[in-house]
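Chain identifiers are assigned alphabetically (A, B, ...) following the order of the sequence lines, protein sequences preceding nucleic acid strands; residue numbering begins at 1 within each chain. Computed from a predicted model, the values in this text were never measured in an experiment.
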Amino acid sequence: MGYDFGEIESKWQKYWAENKVFKAEIDTEKPKYYVLDMFPYPSGAGLHVGHPLGYIASDIYSRYKRHKGFNVLHPMGYDAYGLPAEQYAIQTGTHPEETTEKNIKRYRKQLDQIGFSFDWDREVRTSDPKYYKWTQWTFIQLFNSWYNKDTNKAESLDNLVEKFEKTGSKGINAAYNEHEDFTSEQWKKFTEYEQQNILMNYRLAYLKDTVVNWCPALGTVLANDEVKDGLSERGGHPVERKLMKQWLLRITAYSQRLLDGLDDIDWSEALKESQRNWIGRSEGASIDFKIKNHNEKLEVFTTRPDTIFGATFMVIAPEHELMDQLITPERKQEVEEYVSWAKNRSERERMTEVKKVTGVFTGSYAINPISGQDIPIWTADYVLAGYGTGAIMAVPGHDSRDFAFARHFELPIIQVVVANGEEPGNVSEWDDSYDGKEGAMINSGFINGMQVKQAIAAVIKEVEEKGIGYGTINYRLRDAIFSRQRYWGEPFPIYYKDGMPYALDESELPLKLPAVDKYLPTEDGKPPLARAENWTTKEGYPLETNTMPGFAGSSAYYLRYMDPLNDTEYFSKEANNYWKDVDLYVGGDEHAAGHLIYSRFWNKFLFDLGLVCEEEPFKKLINQGKIQGRSNFVYRIQGTNKFVSHSLRKEYDTQALHVDINLVHNDVLDLEAFKNWLPEYKDAEFILEDGKYVCGYEVEKMSKSKHNVQNPDNLIEKYGADTLRVYEMFLGPLEQDKPWDTNGIEGVFRFLRKFWRLFFDEDDNLIVTDDKPADEELKTLHKTIKKVDSDILRFSFNTGVSAYMICVNELSELKCHKRSILEPLTILLSPYAPHICEEIWQKLGYAESISTASYPIHNEDYLSENSFEYPVSFNGKMRFKIKLPVDMPKAEIEKAVVEAEEAQKWLDGKTIRKIIVVPNRIVNLVVG
RNA sequence: GCUCGAGUGGUGGAAUUGGUAGACACGUUGGACUUAAAAUCCAAUGACCAUUGCGGUCGUGCGGGUUCAAGUCCCGCCUCGAGUACCA
């Protein structure tokens, strides 16, 4: 029978499940280790070979850590809310819960087949009321908190109210939307409605009219990270800008902490960099510009206050709130036409027409507060309402966008910075502005001659003294829009009294998702929940009809895994103090700007409340690369049903067609299978090369339409889960994108069978002996332990696999069947190929799972040699090798090399100029 | 445009601190075993030149440089991939 993976794998999967081998419990005697995978959205298509890549790596690491004596928490669950199930519900009327349940079952079966060591007792599903109770609970906490910039943390709204009652709004340093001055007396006289309105400005979860990414096709708003190139990420539908009342989370209050936290965590530089970009910190100044003949002023943010003498005009966003006041009567029509045109442009148009310069003069002038010059105020859509103050001072000499604008509308350009080592230029001859931050100031009054850096500080000091500005920091990060006009998501624990939102009492949680007759918006455009009957509180107040977005449930699931069955609190203090944070998080980098930043924010908030003990949730994070598809092509001669083999295709006028990769082996097409594949190919004819039909190939995205989807089920049936696991690791570095190519899987399968044969003969008899191991065998074993161990620690799983292969090749060569060698090797391999190793372990006479065995430790003594084979180079080129004792002194090595027979040929007629000897490494002779 | 990452045989990839480039595997070719196939085993396999044998030259995207020694370090460029996009 030999290696019967099918039987072995189902046997051990059953054993692990029945005996709860991987159940994790708090054990203060052991160090904890928390390994987390990004939980999947259970889609209808099931898993393809790309999904398990990260899961396999993290599973190997989890098993490795258990062997090393750690108490490992390795859970799995489902990100169960999502648009596809809801779209399906709209089309078919099937409740999303039903679809989701079905898909989860399929996922679970597929995951189980691969032999993961998850503790399934800790499974969470975001759509389970027992789970989303705590998502809603966290929302209530956000609703009832404000951000105190003095203590630099979130605090209870009660203490803000207390301050208002005592001292009014004076001296409060908070993150807010709008600020209003009032005394404690005024506060007390406000109506409840007025008070609530003021508090809304401070809450960390707040309701506000917001310009949102509205996607009419999906009938919902989308977060910035759900929009790509002006189209929805899911479905590719157009997205518009629309003003809507929405819930937002005040993530911006945490901008600086989110930025600073990146320095303390072990994530890839690329990922940290994209978070830094997303947060987008820039240092600069806020400066007020007076408007001529007007009481209002324009506040601008600039990173280059040094260039203020070069500010020759101002530009405000078309949406700017002072627009109406700035338009002069004679300019009214033109400006209003422009503003309405700009506001109605879709995101997509705006993006594709970036280079087009548009704008109009408002008719008003501002006064440059430093130079005293009058400068015209324009409006243009290159200034965004959402960033800074929505108004800029334009410095065409030193900002390329302002430069393009000035050239287009013939506005004056002044040079105020001269690059170091250069002379002032003639701006009318410039092709572009000088945007560099190095140089000396000219044409700039009191800062003339200063270097840029110095000038920036001087201008900030000046505006601060004059009381017309201050040095400040701006962030690109926006508050997160938290409302979705969808059905399949968490209901908000919010009701409305006289139009004002209030949080439900915690005792009312979970607020369960109600039944609806249809999963569509109502006729008058309200979200689907508005269709639910009696969607009110007991007292009859209407409940919120929006639902929460996808990232709500995924923002803190790692915390719930610590104590998933707790129904009195989110998770116990004890559980959190023990498991603390995620030691290793593995997942795709598509979550860089979404989930990973929201999670960090959510965790910091819970940290401020004193609920979690670590400020950063994910200590180390690895992004597994994507597995790309490898498509095969056949070449049909135009207008015929004749197909020509790959290398002959140039001789004909052909059309390349995707062919199902299951009909192709090593790029050779199975002709009969191809004819039976689709009716249209039934009578296909072929032009062969060397009697074969060779297909072309290309690496591209894995997708059904390209017929290149590899589903793990087929491979497991053919080769087994252990082979699949080892092969996915062998494919290449974990973090790198790579094409999936089934061709190499045979090699891994051969390796496992070869490993099996070290233990069993052809009749399945155990042939392991208790003989004393030879030095050579010990050396093979111990160098493998050393290599595999160090490779796992640096997450280099692919090189680990090749170390096993070398080891098994060497032991096979040595005909080694010795227990003292093979037992440690079995433990060593078990994280990668757990089923086969369990089976062998049992056959070796052990009653307990191999997962409890402790990891072998390599002994350097077995690796030491008394001689080293030196590569000898002449002028850097390796010419021959010579074996010499490891402790031979340099001088003797030189002598031995120079006298060596092989050396004579290279020394003949030449002078030795230099000899470099690196002990136990290399010898290099410089001759000439 | 900006930021980050990557370019090594026919293919996936290895080379951890500058020290034998191409480990391991696939594929291909030849051979053994077999009635045959599968499985297994053995050998060859970067390119070019030479071939009777010994060999030799070139070679890690391109061009320079540092060094006894460069896939690895430095400078300049090219190509591909990812992210981002008027962020003042």
Side-chain angles (χ1 to χ4, degrees), chain A residues 2 228-229 268-274 276-278 280-282 284 300-304 307 315 350-351 353-357 380-384 386-395 398-402 404-405 435 474-478 589-590 592-593 625-626 628 630 666-667 697 727 730-733 735-748 750-751 753-754 757 762 787 790-791 793-794 796 798-806 809 812 869-881 905 913-918 920-927:
Chain A
K228 293 263 176 318
D229 301 328
S268 71
E269 254 334 289
L271 188 54
K272 288 189 190 183
E273 202 52 37
S274 72
R276 286 191 190 108
N277 288 340
W278 199 255
R281 180 186 205 268
S282 48
V300 304
F301 173 73
T302 175
T303 55
R304 296 293 302 275
T307 61
V315 185
R350 258 182 101 125
M351 284 180 163
E353 294 174 9
V354 158
K355 296 257 149 62
K356 211 167 146 190
V357 179
D381 69 351
Y382 83 91
V383 173
L384 306 178
Y387 183 77
T389 58
I392 62 157
M393 62 174 211
V395 183
H398 305 282
D399 180 286
S400 52
R401 294 153 303 175
D402 299 342
F405 194 82
D435 294 7
N474 227 303
Y475 299 91
R476 197 180 80 110
L477 188 70
R478 302 282 71 136
D589 62 0
E590 64 273 21
K626 279 192 249 320
Q628 294 139 323
R630 186 181 187 279
N666 289 333
D667 293 336
Y697 75 87
Y727 184 57
F730 189 54
L731 225 45
E735 303 191 61
Q736 199 172 296
D737 286 354
K738 50 206 165 251
W740 176 266
D741 180 355
T742 319
N743 293 342
I745 200 168
E746 305 268 355
V748 168
R750 252 171 241 160
F751 153 71
R753 277 185 303 187
K754 204 164 175 182
R757 282 197 309 274
E762 272 148 46
K787 173 77 177 148
S790 69
D791 282 351
L793 289 173
R794 60 191 182 102
S796 177
N798 56 326
T799 52
V801 174
S802 74
Y804 291 123
M805 288 174 168
I806 293 166
N809 287 346
S812 299
E869 194 172 33
Y870 281 90
V872 180
S873 308
F874 290 80
N875 295 335
K877 272 194 196 324
M878 207 281 287
R879 294 304 180 182
F880 68 92
K881 291 176 185 176
K905 175 177 165 189
R913 305 205 186 274
K914 198 170 178 184
I915 301 179
I916 292 106
V917 176
V918 185
N920 299 313
R921 262 251 144 95
I922 200 166
V923 178
N924 189 19
L925 290 89
V926 186
V927 297

Which one is paired to rC41(B), where only Watson-Crick or G-U wobble pairs with both distances under 3.5 angstrom count? rG31(B)
Asp741(A) has a side chain; which of rU11(B), rC24(B), rU20(B) sits nearest to it? rU11(B)
At less than 4.0 Å, is any side-chain N or O atom of Arg757(A) found next to OP1 or OP2 of rC41(B)? Yes or no. yes
Over all strands shown, is Leu731(A) touching base, sugar-phosphate only, or nothing at heavy-atom distances under 4.0 angstrom? sugar-phosphate
With the side chain defined as heavy atoms from C-beta on, Pro871(A) is closest, among rU20(B), rA14(B), rA88(B), to rU20(B)
Can you tell me whether the base of rG9(B) sits syn or anti, using the 90° cut around 0 to define syn? syn
Closest of rU3(B), rG83(B), rA88(B) to the Val383(A) side chain is rA88(B)
With heavy atoms under 4.0 Å as the rule, sort Lys272(A) into base, sugar-phosphate or nothing. nothing
Using the side-chain heavy atoms of Met878(A), tell me which of these nucleotides is nearest: rG12(B), rA21(B), rU84(B). rA21(B)
NA contact type, Arg879(A), heavy-atom cut-off 4.0 Å: base, sugar-phosphate, or nothing? sugar-phosphate
Can you identify which nucleotide, out of rC68(B), rU84(B), rG19(B), has its nearest atom closest to the Arg476(A) side chain? rU84(B)
Any luck finding a side-chain donor-acceptor pair between Asn924(A) and Lys914(A) under 3.5 Å? no
Does any nucleotide pair with rG71(B) by Watson-Crick or G-U wobble geometry, both distances under 3.5 Å, and what is it? none
Nearest-nucleotide pick for Ile806(A), side chain only, options being rC68(B), rA23(B), rA88(B): rA23(B)
By the 4.0 Å heavy-atom rule, please label Val926(A) as base, sugar-phosphate, or nothing. sugar-phosphate
Within the structure, does a side-chain N or O atom of Ser282(A) lie under 4.0 Å from either OP1 or OP2 of rA88(B)? yes
Strictly below 4.0 Å: does Lys738(A) bring a side-chain N or O up to OP1 or OP2 of rG12(B)? no
What verdict does the side-chain contact (heavy atoms from CB on, under 4.5 Å) test give for Met805(A) and Arg750(A), after you've listed the backbone C-alpha separation in whole Å, the side-chain angles of each residue and the deciding distance to 0.1 Å? CA-CA 10 Å; Met805(A) 288 174 168; Arg750(A) 252 171 241 160; over 6 Å; no
I want to verify a distance call: between rC4(B), rG19(B), rU16(B), whose nearest atom is closest to the Arg794(A) side chain? rU16(B)
Is there a side-chain contact between Asn809(A) and the phosphate of rA25(B), meaning an N or O under 4.0 Å from OP1 or OP2? yes
Quick one: which of rA85(B), rU16(B), rC86(B) gets closest to the side chain of Tyr382(A)? rC86(B)
For Asn798(A), answer base if it contacts any base atom (sugar-phosphate contacts may also be present), sugar-phosphate if it contacts only those atoms, and nothing otherwise; contact means non-hydrogen atoms under 4.0 Å. sugar-phosphate
Closest heavy-atom pair and its distance - Ile392(A), Tyr382(A): CD1-OH, 3.8 Å
Looking for any heavy atom pair under 4.0 Å, which part of the strands does Arg753(A) touch: base, sugar-phosphate only, or nothing? sugar-phosphate
Proximity to the side chain of Pro733(A) - top-ranked nucleotide from rU20(B), rG13(B), rA25(B): rG13(B)
Test for a donor-acceptor pair under 3.5 Å between the base of rC26(B) and the side chain of Asn743(A), counting only N and O atoms. no
Over 60° means perpendicular and under 30° means parallel, so tell me whether Phe301(A) and Tyr387(A) are parallel, tilted or perpendicular. perpendicular
For Gln736(A), which contact category applies under a 4.0 Å heavy-atom criterion: base, sugar-phosphate, or nothing? sugar-phosphate
Could you check Leu925(A) against Lys787(A) and say which one's nearest nucleotide on RNA chain B is further toward the 5' end? Lys787(A)
Does rA39(B) have OP1 or OP2 under 4.0 Å away from a side-chain N or O of Arg750(A)? no
Pick the closest RNA chain B nucleotide for Arg630(A) and for Gly390(A) by heavy atoms, then say which residue is nearer the 5' end. Arg630(A)
Considering only heavy side-chain atoms of Ser802(A), the closest of rA23(B), rA88(B), rA25(B) is rA23(B)
Could you tell me which non-hydrogen atom of Met393(A) sits nearest to which non-hydrogen atom of Asp402(A), and how far apart they are? O-OD2, 4.1 Å
